[in-house]
Amino acid sequence: MGMRRLFIIRKDLHLSAGKLGAMVAHCAEGYWIWLIKRNLMEQDGKVHVSFDLDREIYDDYLNGRITKTICEAKNLNKLLQAREMALNLGLVENQDFGMINDACHTELTPEWVDENGEGRCTVGIWFKPLQDDVAHSISKKFQLYKD
């Protein structure tokens, strides 16, 4: 059974192609950023990072066998349904998946304010590499992202 990276992006935001690309890139980085932050150590003015990966994730990434799927959520409520589905599957937020919140410096309008008083807009959700059947149990409720 294969592995899959699943990203779900809100369709109602009408992202430009460039912004969509940037948001998908944020999704793709989400898991790796979490791993790095969780496992970094500073010493002698340098940052050292060391972490363990499941063998299947390691092998599949190095051999290009992880499928990437980008789905669309009709709106914020549908995106939050994906979050709830993940939690119901026992996935841990900000470890197995995470929300992508844009800083709204370019084309998006803030929908909420963070703890620093900065305007944010929830755009998407990333998932770590998942077993294909687990990813499909979420993605089957969404259609592939299209223009």
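Numbers for residues simply follow the sequence, beginning at 1. Being a predicted model, the structure only gives us computed values, none of them experimental.
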- Message: As a quick check of understanding, evaluate side chain to side chain contact (heavy atoms under 4.5 Å, CB included) for Leu130 and Met3, giving each step before the final call.
- Response: CA-CA 5 Å; Leu130 299 170; Met3 304 285 294; 5.8 Å; no
- Compare all side-chain heavy atoms of Arg5 with those of Pro129 and state whether any distance is below 4.5 angstrom. yes
- Item | Flag if over 12 foreign heavy atoms under 6.0 Å of CG, Asn63 | yes
- With hydrophobic residues grouped by side-chain heavy-atom distances under 4.5 Å, do Val92 and Leu53 end up in a single group? no
- Assess whether side chain to side chain contact (heavy atoms under 4.5 Å, CB included) is satisfied between Leu76 and Asp12, documenting all intermediate values. CA-CA 8 Å; Leu76 179 59; Asp12 64 319; 5.6 Å; no
- Note on the structure: Taken to the nearest 0.5 Å, the spacing of Ser139 OG from Ile8 CD1 works out to 7.5 Å
- Are the side chains of Leu62 and Asp60 in touch, meaning some heavy atoms are under 4.5 Å apart? no
- Are Ile33 and Ile66 grouped together when hydrophobic residues (ILVMFWY) are joined by side-chain heavy atoms under 4.5 angstrom apart? no
- Item | Approximate separation, where rounding is to 0.5 Å, of Met23 CE and Ser16 OG | 9.5 Å
- side-chain contact (heavy atoms from CB on, under 4.5 Å) with Cys121: which of Thr109, Leu13, Asn101? Leu13
- So how far is it from Leu35 CG to Glu29 CD, rounded to the nearest 0.5 Å? 13.0 Å
- Task: Find the distance between CD1 (Ile9) and CZ (Phe142) and round it off to the nearest 0.5 Å.
- Result: 11.5 Å
- Quick one: which residue pairs count as a salt bridge (charged side-chain N to carboxylate O under 4.0 Å, His left out) with a foot in residues 100-111, not counting sequence neighbours? Arg10-Glu111, Lys19-Asp102
- Message: The test is side chain to side chain contact (heavy atoms under 4.5 Å, CB included); show your working for Lys68 and Val24 and say whether it passes.
- Response: CA-CA 11 Å; Lys68 288 89 174 167; Val24 171; over 6 Å; no
- NE2 (His14) and CG (Leu20) are apart, to the nearest 0.5 Å, by 13.0 Å
- Task: If a pair satisfies side-chain hydrogen bond (donor to acceptor under 3.5 Å, both in side chains) and one of its residues is in residues 39-50, list it, with sequence neighbours excluded.
- Result: none
- Note on the structure: Closest non-hydrogen atoms of Ile138 and Met85, given as atom of the first, atom of the second and distance, are CA-CE, 3.6 Å
- Message: Measuring from atom CG of Leu6 to atom CD1 of Ile70, what distance do you get when rounded to the nearest 0.5 angstrom?
- Response: 9.5 Å
- Message: Tell me which pairs pass side-chain hydrogen bond (donor to acceptor under 3.5 Å, both in side chains) where either residue lies in residues 75-100, with sequence neighbours left out.
- Response: Lys78-Gln81, Arg83-Glu93, Asp96-Lys128
- Task: Side-chain contact test, heavy atoms from C-beta onward, threshold under 4.5 Å: evaluate it for Val123 versus Leu108 and give yes or no.
- Result: yes
- Item | Residues forming a ring-ring contact (aromatic ring centres under 6.0 Å, His included) with Tyr61, sequence neighbours excluded | Trp32
- Apply side chain to side chain contact (heavy atoms under 4.5 Å, CB included) to Val49 and Phe51, showing your working. CA-CA 7 Å; Val49 179; Phe51 53 82; 3.6 Å; yes
- Residues that Phe7 engages under ring-ring contact (aromatic ring centres under 6.0 Å, His included), provided they are two or more places apart: none
- No-hydrogen, no-angle side-chain donor-acceptor test under 3.5 Å, Thr69 and Arg4: yes
- Any side-chain heavy atom of Leu80 within less than 4.5 Å of one from Ile125? no
- Is there any ring-ring contact (aromatic ring centres under 6.0 Å, His included) pair reaching into residues 99-140, and which pairs are they, with sequence neighbours excluded? Phe97-Phe127
- Cluster check Leu144, Leu79: I/L/V/M/F/W/Y, side chain < 4.5 angstrom: no
